[in-house]
4 protein chains.
Amino acid sequence: MPRTPQENERIRQLAKESILKAAMELFIKQGYHATSISDIAEQAGISKGLLYNYFKGKEELLATMVDARVGEMVEVMNQAKTIETPVEQLKHIIEGAIDNVYKKPEVFRFYLHLQTQPEADHELIKYSRFLIEENARQFEFQCEIFEKLGAKEARKRSLYFSSTLQGIMLMICTYPQQFPIQEIKKQIFDEFCNSLSF
Amino acid sequence: MPRTPQENERIRQLAKESILKAAMELFIKQGYHATSISDIAEQAGISKGLLYNYFKGKEELLATMVDARVGEMVEVMNQAKTIETPVEQLKHIIEGAIDNVYKKPEVFRFYLHLQTQPEADHELIKYSRFLIEENARQFEFQCEIFEKLGAKEARKRSLYFSSTLQGIMLMICTYPQQFPIQEIKKQIFDEFCNSLSF
Amino acid sequence: MPRTPQENERIRQLAKESILKAAMELFIKQGYHATSISDIAEQAGISKGLLYNYFKGKEELLATMVDARVGEMVEVMNQAKTIETPVEQLKHIIEGAIDNVYKKPEVFRFYLHLQTQPEADHELIKYSRFLIEENARQFEFQCEIFEKLGAKEARKRSLYFSSTLQGIMLMICTYPQQFPIQEIKKQIFDEFCNSLSF
Amino acid sequence: MPRTPQENERIRQLAKESILKAAMELFIKQGYHATSISDIAEQAGISKGLLYNYFKGKEELLATMVDARVGEMVEVMNQAKTIETPVEQLKHIIEGAIDNVYKKPEVFRFYLHLQTQPEADHELIKYSRFLIEENARQFEFQCEIFEKLGAKEARKRSLYFSSTLQGIMLMICTYPQQFPIQEIKKQIFDEFCNSLSF
DNA sequence: AATGAATGAGGTTTCATTCAT
DNA sequence: AATGAATGAAACCTCATTCAT
């Protein structure tokens, strides 16, 4: 007697997830190039053949990861949009970004690594571009916040803000042990979330 | 008439440089993994065999690049040390860093990419570490500057400054076309080089 | 109320036929190697597993096809044997062969392709041999016809006839659009079915 | 000291030829699909890697073979064109074709096998088409001969002739041991090279 | 100092077949 | 009778590196 289609679908979903989880772990730990399909299959506890049953190849695994990542980023932004005052929005963004990186610095590091892919690497540049585009969308949203805050040159101020926040995230993922996040949060709050600064 | 040993050495140096130049161009344009030894030899106009006469392999080319990069960074720092006032030192660091990235964003992008290598990529992590250590050394120097400036919590202030500067550099190399560097320089100057800020 | 054994067997036969039909369509269209078991199962609208319930594997499908083909060939020959005069027999053979190829050139082409399999392809050579043997049997029958026709060297004349007929069939399946079968039939009739020719 | 470019070119040519020879032997003996790159490399006495240094892959080996084959066919036709009388031309074509197949039936069989590839086998159909086109060109030339011979319906007569000759070749490569080529040559000569036949 | 032919380890991918359900 | 998830062997291909010349 065959399994029901629902049961099969459930198995497929579980398998896809477990493969993707294995791939994410290894990509993040060792990097994309240093991870082979064999590694992933082994980590997921399945055969290489089965992996190809679920994903076209290594690149599709990365694509799926990046899609999920962008999905999370969008979700965080949408959450922020529901907040009432612009100051609170900004605080939420800052807290969210910093805590997120602080909790899993190697994850942020992985995507930053991907984002800084050279332009002429034809295999991977699309994922880099995709992440950069999403960052740009987030930047537009932050511009709106600065406008609401009444900043004189909202766009430039927002750019400076984004640079600072990105820089903090870069520093955290580079020196994860030693980063005093509370102190740094205080400084960025003081600079950008205090009405006196405009 | 055979060449003198000195002459021979000079020729060797020239050859090494031309190979290294070829490797740098390709690594920066396409990335380390997407560049093959054949590509490099072709770009340098020599045979694969000769390349191995000068460098142990692809990795040594990268090592040499990174060494040179760190050398440049040290030099810039030493230059800054000769400047008299701390404010001028800071301005010099900022100007130098931003102009440098702005002129060749893809170069900074390449080293940032290398720096964000996952920890468990045994082949490349040493180069990442080397760059990070040099960054840390630069950070120490900047701490001293902030101390001289009389900042209350010089270390934390310096960390925040570094984050901001690194963030700006990251943004420039990510959006090289659209970055208003003058405006951003003004903002970072205003914040960190103005005595009122402490 | 369970099915009777006969009923079950009938259902099995129908299923086998529908699978075989799917396999034949795909083999003939794309060739044996370019057709996967998955393709066949999909085309037949069943699962891969069920296919293995009916056939041992891809090769058995081919074996069954070839058996059926040989069966048809035998039947055609038997039909011809019921005809009274040798001239009519020959005409019937010619008409049958040419019309058959003309109607489905890709089918004849497929079996000719199989027949020309290299001798050392262990997987497929048996089917090639089987088809060739049946051709040989047909040849023997044609020899008899030529003997009855009173040909001086019946065997050689028959061999020449077979060559001509096979050649026509090869040409038709190679240039299916442009082949003037009526004209060609006339020529082969004139040459072999006219008593003056001996 | 490096080899001279000429010496290298010679080595390359020899290597290419020996690889191609190995591939041809195996393709003809076992068929294209039953022959792996490893088989070919082993037969040629080289590593797999080196094979890829000379040929893009298995398909390029086939392409090179087919090119060479078509080249030979063209050459034979050109030779025939230098002959004075049409009857002699026709005799030359017949003799050449039959002797050729008789000497190496498995070679003709291989190309006939390729020619009968199903239309939808995307990997191999181009080679089939290429051979068929060349056959068509030969057919055009034969038409001219029949015109010169004063055949009433030269094109149809030529088509019938081609069919007969192709059929003989097919029979020879199918029953290589038992084919009485002299007798068959006599029959085809009698039919097509004798002025009384028109 | 210089070449590029040659190697082989290591990766990716396909697919006929099995088997738990 | 029926499914399709799962396997694994065997194919393809790439490229850093070596070495005879």
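So you know, we letter chains A, B, ... as the sequences are listed, proteins then strands, and number each from 1.
Map A/Asp39 and C/Thr35 each onto its nearest nucleotide of DNA chain E; the residue landing nearer the 5' end is A/Asp39. Mapping D/Glu59 and C/Leu50 onto DNA chain F via the closest heavy atom, the residue that lands nearer the 5' end is C/Leu50.
Counting heavy atoms from C-beta on, the side chains of B/His113 and A/His113 come closer than 4.5 Å.
At whole-Å resolution of the value, OH in D/Tyr52 and P in E/dA5 are 18 Å apart. In this structure, B/Leu61 atom CG and F/dT17 atom C1' are separated by 13 Å, rounded to whole Å. Computed from coordinates, the B/Lys56 NZ to F/dT18 P distance equals 11 Å when rounded to whole Å. A straight line from CD of D/Glu60 to C1' of F/dC12 spans 15 Å, rounded to a whole angstrom. Regarding A/Leu51, its CG atom lies at a distance of 17 Å from the C1' atom of F/dA9, rounded to whole Å. As a whole-Å value, the separation of B/Lys48 NZ from E/dA1 C1' is 18 Å. As rounded to whole Å, 13 Å separates atom C1' of E/dT7 from atom CD1 of D/Ile19. Rounded to whole angstrom, the span from the NE2 atom of B/His33 across to the C1' atom of E/dG11 amounts to 13 Å.
Under 3.5 Å, the side chains of A/Glu123 and A/Tyr32 contain a donor-acceptor pair of N or O atoms.
Across all non-hydrogen atoms, the minimal contact from B/Asp39 to B/Gln30 is OD2-OE1, 4.1 Å. Here the shortest heavy-atom pairing between B/Lys48 and B/Ser38 reads CD-OG, 3.4 Å.
Base pairing of F/dA1: no nucleotide in any strand meets the Watson-Crick or G-U wobble criterion (both distances under 3.5 Å). Figure legend. E/dA6 is base-paired to F/dT17; pairs are counted as Watson-Crick or G-U wobble with both atom distances under 3.5 Å. Under the Watson-Crick and G-U wobble criteria, each requiring two contacts below 3.5 Å, nucleotide E/dG11 is paired to F/dC12.
Heavy atoms of other residues, nucleotides or ligands lying less than 6.0 angstrom from CD of D/Glu42 number 12 at most.
Expressed to the nearest 0.5 Å, how far CZ of C/Arg109 lies from CD1 of C/Ile28 amounts to 12.5 Å.
A/Asn53 comes within 4.0 angstrom of a nucleotide base, judged by non-hydrogen atoms across all strands. Among the protein residues, D/Ser47 comes within range of the nucleic acid bases, having at least one heavy atom under 4.0 Å from a base atom. Residue D/Lys58 is classed as a sugar-phosphate contact, given heavy-atom separations below 4.0 Å to backbone atoms only. Among the heavy atoms of the strands lying under 4.0 Å from B/Gly49 is at least one base atom, whether or not backbone atoms are also near. Within the 4.0 angstrom heavy-atom criterion, base atoms lie near C/Ile37.
Within the 4.0 Å cut-off from OP1 or OP2 of E/dA6, at least one side-chain nitrogen or oxygen of D/Tyr54 is found. Between B/Arg12 and the phosphate of E/dA1, there is a side-chain N or O to OP1/OP2 separation shorter than 4.0 Å. Taking only side-chain nitrogens and oxygens, D/Asn8 comes nearer than 4.0 Å to OP1 or OP2 of E/dA5.
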